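Report on the following structure.
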Amino acid sequence: MRLKNILRNSLFSLVSQFVLIIIGFFSQRVMNLVMGESLIGMNSVIANIIAILSVSELGISSAIVYHLYEALAVRDESRIISLMNLYRRAFCLFAGVITAAGVCVMPFVHNFLKGNSFSLSYVRLIYCLWLARTALSYLLSYKRSILIVDQKEYIVSITALVMNPLNYGLIIVILKLWQNYELALGLNIVVEAAVNIWIIRYVNRKYPFLRRSRRTPSDREVARMLVGDIKNVFISRLSSKLLVSTDNLIISSFISVAVVGRYANYCLITQSVMNVMKAISDAIQPSVGNMLTEKNQEKNYQILRQITFLFFVLAAFCSAGLMSLMTRFVTDIWLTESYRLDKCTVTLCVMNVYLFFISLPTAMMMTASGMFEKERDLSVLYAAANLILSLLLVRPLGMAGVLLGTSVSYIVQIVCRTYFFFRYYLKKNSAEYIADILQYGILVAVEAMGTCCVVDRIYDGRSFFRFTLCIFICVFLPCAANLLLFFKSWRLRSIARMAKGLASRR
């Protein structure tokens, strides 16, 4: 049943993500060609500022979802009601806190936009729309959590699959006909609110006891139990948010907003790939959380190695494809030569994507196992490393220095999470798992370089047929190499057995 839920959630999440990626590229192309790279840069910087302001929420989502696993597994309706009521009240508070903090920051937003060509009033208008979008999402999105815990996240994915093409299609039309980005952003807010309202109505029908008990007071014992978890998760999630949100701010403040605009196009590609992997991780996590309640540590360890191997296989051909084709896609297919970034910057972008991939399994296991205190202890370290290194390296190395600081931070994150999870949860030596990680890193580097050499000989510039052929090569070569290398490995055989078992049950 768990495997069926994983595959169903993963399938719909992936389809939804792929559709979102395709229409997102069309929308970004229109914004680049109609509105210019300065607007793209300003939009990226404002989005990152809002992301940092949103840290007030960080903590309660993960803590409540963790406690919902057990409550939903035994169908303890009173406890589910108590947790969801607490969740609703907290999110209303967060919406107010984010709005107040956003209003306080608004007078200083332009200081992060070096070389900005837009008027102060326009910058503040876009900022206010982003702030309204974020605050409204907290008011309307909290009920998604019970679908995620109940392994029914595919419902959210199907809804997004229907609404996102309509949403982005209207945005493209508005930008093309009227070149009015603020109107497009306002429309986006309306559509997102409509989607969240529909999900609320669906959850109310699916879990009617939540609606009947809306005014039931939260259990004080449950609330006290959550306080410690929330404090621990807050610090760790704040650090993770700073890890991914400060790069654009540093580049914009020390270099220029136009450079952020060019970088944002590459980020759209890498972030799209990362979102697909995160969708797979999110689809797997509820089943992993349910599995961890069995307390079978040897089984948990083997599952971790299997998941890590799966993410390595995905990371191998994604890294090869990004390294070989990302710049060619930006300059030859999607946009123009003026949007090119240097090879060193692109290499660091791809490295960060790979490190993100390979860090997902341990992050998933620590969250699902409720190791919030241990996550808190290590999180400040890698966030501080990212910020300090990026600030030290941005002047001598430019944008490459900022990305190098992020790479080092990801490495620190992987090492620390592995150490904490193995020592305090699995209670066993992590040497074998570290060896796996090192082996995978070397293989990905070699496979990416080999694929680049092959693609360089085939691709002749602006040929869509050859570009498509190169995509196939980027997938085939790493997968073929890994199939040969791991053909007799238990990791590959175990994944094959799971797939075969699911097919036989069907």
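Numbering starts at 1 and runs along the sequence shown. Worth saying up front: this structure is predicted, and the values here are computed from it rather than measured.
Using a distance-only test at 3.5 Å, with no hydrogens or angles considered, a donor-acceptor pair links the side chain of Ser390 to the main chain of Val402. Side chain of Arg466 to backbone of Ile458: a donor-acceptor contact under 3.5 angstrom is found. Here the side chain of Ser27 pairs no donor or acceptor atom with the backbone of Ile23 at under 3.5 angstrom. Side chain of Ser430 to main chain of Tyr433: no donor-acceptor pair is present (N/O by atom type, distance under 3.5 Å, no hydrogens or angles). Within the 3.5 Å criterion, the main-chain N or O of Phe356 finds a donor-acceptor partner in the side chain of Ser359.
A donor-acceptor pair shorter than 3.5 Å cannot be found between the side chains of Thr308 and Asp436. Side chains of Tyr410 and Asn386: a donor-acceptor N/O pair is absent below 3.5 angstrom, by distance only. Between the side chains of Asn352 and Thr406, no donor-acceptor pair is found at a separation under 3.5 Å. A donor-acceptor contact closer than 3.5 angstrom links the side chains of Asn43 and Trp130.
Aromatic ring orientation, Phe420 versus Tyr424: tilted (interplanar angle from 30° to 60°).
The line from CG of Leu131 to CG of Leu136 is 11.0 Å long, rounded to the nearest 0.5 Å. Distance check, rounded to the nearest 0.5 Å: CG of Leu187 to CG of Leu170 gives 5.0 Å. Distance check: Met277 CE to Tyr354 OH gives 13.5 Å after rounding to the nearest 0.5 Å. The distance from the CG atom of Asn32 to the CG atom of Leu39 is 9.0 Å, given to the nearest 0.5 Å. Here the CG-CD1 distance, from Leu325 to Ile473, works out to 9.0 Å after rounding to the nearest 0.5 Å.
Taking all atoms of both residues into account, the shortest heavy-atom contact from Leu403 to Cys349 is CD1-SG, 3.7 Å. Residues Ser407 and Leu355 approach most closely at O-CD1, 3.5 Å, considering heavy atoms. Arg124 and Met106 get closest at one heavy-atom pair: NE-O, 3.8 Å. The minimum heavy-atom distance between Cys474 and Ser324, with the atom names listed, is SG-CB, 3.9 Å. Nearest heavy-atom pair, Trp334 versus Asn265, reported as atom, atom and distance to 0.1 Å: CZ3-O, 3.6 Å. In terms of heavy atoms, Val260 sits closest to Asn248 at CG2-O, 3.7 Å.
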Practice task
Start with the C-alpha distance between Thr345 and Tyr266, add both sets of side-chain angles, then the distance that settles side chain to side chain contact (heavy atoms under 4.5 Å, CB included), and finish with yes or no.
Solution key: CA-CA 10 Å; Thr345 300; Tyr266 284 77; over 6 Å; no

Practice task
Could you walk me through whether Asn188 and Tyr168 pass the side chain to side chain donor-acceptor pair (under 3.5 Å) test, one step at a time?
Solution key: CA-CA 8 Å; Asn188 181 256; Tyr168 279 87; 5.3 Å; no

Handout entry: CA sep, side-chain torsions, deciding dist, call: Tyr122, Tyr127, side chain to side chain contact (heavy atoms under 4.5 Å, CB included)
Key = CA-CA 9 Å; Tyr122 186 77; Tyr127 174 82; over 6 Å; no

Exercise for the section: List the steps, then state whether side chain to side chain contact (heavy atoms under 4.5 Å, CB included) holds for Lys114 with Ile255. Expected result: CA-CA 7 Å; Lys114 185 177 180 180; Ile255 304 175; over 6 Å; no

Handout entry: Stepwise side chain to side chain donor-acceptor pair (under 3.5 Å) test for Ser272 and Asn275
Key = CA-CA 5 Å; Ser272 297; Asn275 286 344; 5.5 Å; no

Practice task
Mind running side chain to side chain contact (heavy atoms under 4.5 Å, CB included) on Met365 and Arg417 for me, showing each step along the way?
Solution key: CA-CA 10 Å; Met365 298 294 278; Arg417 275 185 176 153; over 6 Å; no

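A side-chain contact (heavy atoms from CB on, under 4.5 Å) with Pro478 holds for exactly one of Thr451, Leu443, Val444; it is Thr451.
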Ignoring hydrogens and angles, write down the donor-acceptor pairs under 3.5 Å from the side chains of residues 309-319, residues two or more places apart or on other chains.
residue	atom	partner	partner atom	Å
Ser319	OG	Ala315	O	2.7

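For residues 443-456, the set of pairs meeting the salt bridge (charged side-chain N to carboxylate O under 4.0 Å, His left out) definition, not counting sequence neighbours, comprises Arg328-Asp456.
Between Ile21 and Val276, the closest side-chain pair of non-hydrogen atoms falls below 4.5 Å.
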